[in-house]
Protein chains: 2
Amino acid sequence: MSHRHLILGLLLEAPMTGYDIRKRLCETMSMIASPGYGAVYPTLHRLLNEGAVTVNVVQQDGRPAKKVYSITRPGREELWAWLREPSEPDKITREFLLKVLLAQNLEPEDFKQHLERRRKETETLYKSLEELKAQPGQRVNGHHNLVIAYAQEMCKAEMRWLDRVERDLNCDGGPGEAAVYT
Amino acid sequence: MSHRHLILGLLLEAPMTGYDIRKRLCETMSMIASPGYGAVYPTLHRLLNEGAVTVNVVQQDGRPAKKVYSITRPGREELWAWLREPSEPDKITREFLLKVLLAQNLEPEDFKQHLERRRKETETLYKSLEELKAQPGQRVNGHHNLVIAYAQEMCKAEMRWLDRVERDLNCDGGPGEAAVYT
DNA sequence: CCCGCCATGTAACACGTTACATGATTTT
DNA sequence: AAAATCATGTAACGTGTTACATGGCGGG
């Protein structure tokens, strides 16, 4: 249950609607998750009838009524218990990496295109993270910067890796089996 | 469909049974995926009745009969087409990172424990990757080393990040909001 | 006038995890 | 004698993705 704890964590900051939650995730935390409504609302319903959150229906003129969710005492305790538990080691699920692995069955040109595209994307991501850091007022959560720093560190590592792969590719002309990549 | 292409990719190397596939993934490619049988067999069945693979039933004495799967021409073409497509940007799904984000609501001591545990795990992973590289004969796939190098680069980046976070934690005593993490 | 934003939700579908069932052989 | 290995598979369950349905407001 990944979204469950993520949502509880957001509600810890401030009460929010499902719409807000989804927006927040997609806008300032898109590197962590960008769920559709089909993930957000059902999760909130579950949390509600398990007593981890409460609703407050707010009528609005013109606009449809809001449902503002707040975290409850039991909800907070569940979240804390989960937080204290050690997190299990995680996989590198990147589709890109899987393609790298299988790309040896591809034309070298296609492989190089993948690398180039990746480099551009990584650069873009790095810059957008830089902008996120600079945004004033957005810093609701103090540890948000830690996460951004983490993501940037990963970007840098990826660039280093790309450098190495491309260098090897140019040196010994193609992905030969002799390359050792120490 | 992540497992689908992963399995097709393995079958590109050599015909295999579902059991073999799962073993291979869990042993030498565990950083990418370690699916249960409930993921492997159904996927193979799907691939089979879509014509992407073929079976060859091999009787054995004592042991139950094997079903050795091979990739077919259409299967190879599907895989190639997928390989050539650009891969979409991926999220940092790490449970650990989510806990870091929310850990500001935790006692600093608990947070430090998470960091320490993570450091140890990362070190262990790095070393096990080093051993994987050294294994002779295991190098069926030439690009396997690229993936290992990638994973190691990520490990190093993680260590750097941990260094920085721990240094900051010791300097200004706790995750203060003033820290900027440039 | 049409499009995007606010705001909720459901339904179909696909997929993965976990646990179970079977059963002989080889290793400890 | 117990446990792990080989080898297949199914069923329950949870959860995520996608697409759809609704409906008024405000800007271009």
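So that the names make sense, note that chain A is the first sequence line, chain B the second, and so on, each numbered from 1. This one's a predicted model, so the numbers in the text were calculated from it and none came from an experiment.
Between the P atom of C:dA7 and the OH atom of A:Tyr37 lies a distance of 10 Å, rounded to the nearest Å. For the pair B:Ile32 CD1 and C:dG16 C1', the interatomic distance rounds to 18 Å; values are reported in whole Å. If you measure from atom CD of A:Gln59 to atom P of C:dT8, you get 12 Å, rounded to the nearest angstrom. Atom NZ in A:Lys23 sits roughly 16 Å away from atom C1' in C:dT8 (whole-Å rounding). Summarising the geometry, the separation between CG on B:Asn56 and P on D:dT8 is reported as 12 Å, rounded to the nearest angstrom. As rounded to whole Å, 13 Å separates atom P of C:dG9 from atom CG of A:Asp20. Distance CD (B:Glu27) to P (D:dT5): 9 Å, rounded to an integer number of Å. The NZ atom of A:Lys91 sits 14 Å away from the P atom of C:dG16 (whole-angstrom rounding).
An OP1 or OP2 oxygen of D:dG16 is reached within less than 4.0 angstrom by no side-chain nitrogen or oxygen of A:Ser2. B:Gln60 has no side-chain polar atom (N or O) that falls below the 4.0 Å cut-off from OP1 or OP2 of D:dC6. The shortest distance between the side-chain N/O atoms of B:His3 and the OP1/OP2 oxygens of C:dG16 is below 4.0 Å.
In this structure, the nucleotide among D:dG9, C:dG9, D:dA7 sitting nearest to the side chain of B:Lys67 is D:dG9.
For the pair A:Glu158/B:Met154, a side-chain contact is recorded, criterion being any heavy-atom separation below 4.5 Å from C-beta on. In this structure the side chain of B:Leu47 reaches within 4.5 angstrom of the side chain of B:Ile7, judged on heavy atoms. With a 4.5 Å cut-off on side-chain heavy atoms, A:Leu11 and A:Leu79 do not count as touching.
Closest heavy-atom contact between B:Cys155 and B:Thr122: O-CG2, 3.6 Å. For B:Gln104 against A:His143, the heavy-atom pair with the smallest separation is OE1-N, 3.4 Å.
Side-chain contact check for A:Thr72 and A:Arg76: no donor-acceptor pair (N or O, by modelled atom type) lies under 3.5 Å.
Ion pairing between a basic and an acidic side chain is recognised when a charged N comes within 4.0 Å of a carboxylate O; B:Asp163 and B:Arg119 show such pairing. Salt bridge status for B:Lys112 with B:Glu166: absent, with no side-chain N to carboxylate O gap under 4.0 Å.
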Next on the checklist: Across nucleotides 22-28 of chain C, 5' to 3', mark each nucleotide with B, S or - according to how protein heavy atoms within less than 4.0 Å reach it.
Outcome noted: -BSSS--

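Annotation: cation-pi geometry not satisfied between A:Lys156 and A:Trp161 (NZ/CZ under 6.0 angstrom from ring centroid, within 45° of ring axis).
Less than 4.0 Å separates DNA chain D from at least one heavy atom of each of the following residues of residues 41-50 of chain B: B:Tyr41, B:His45.
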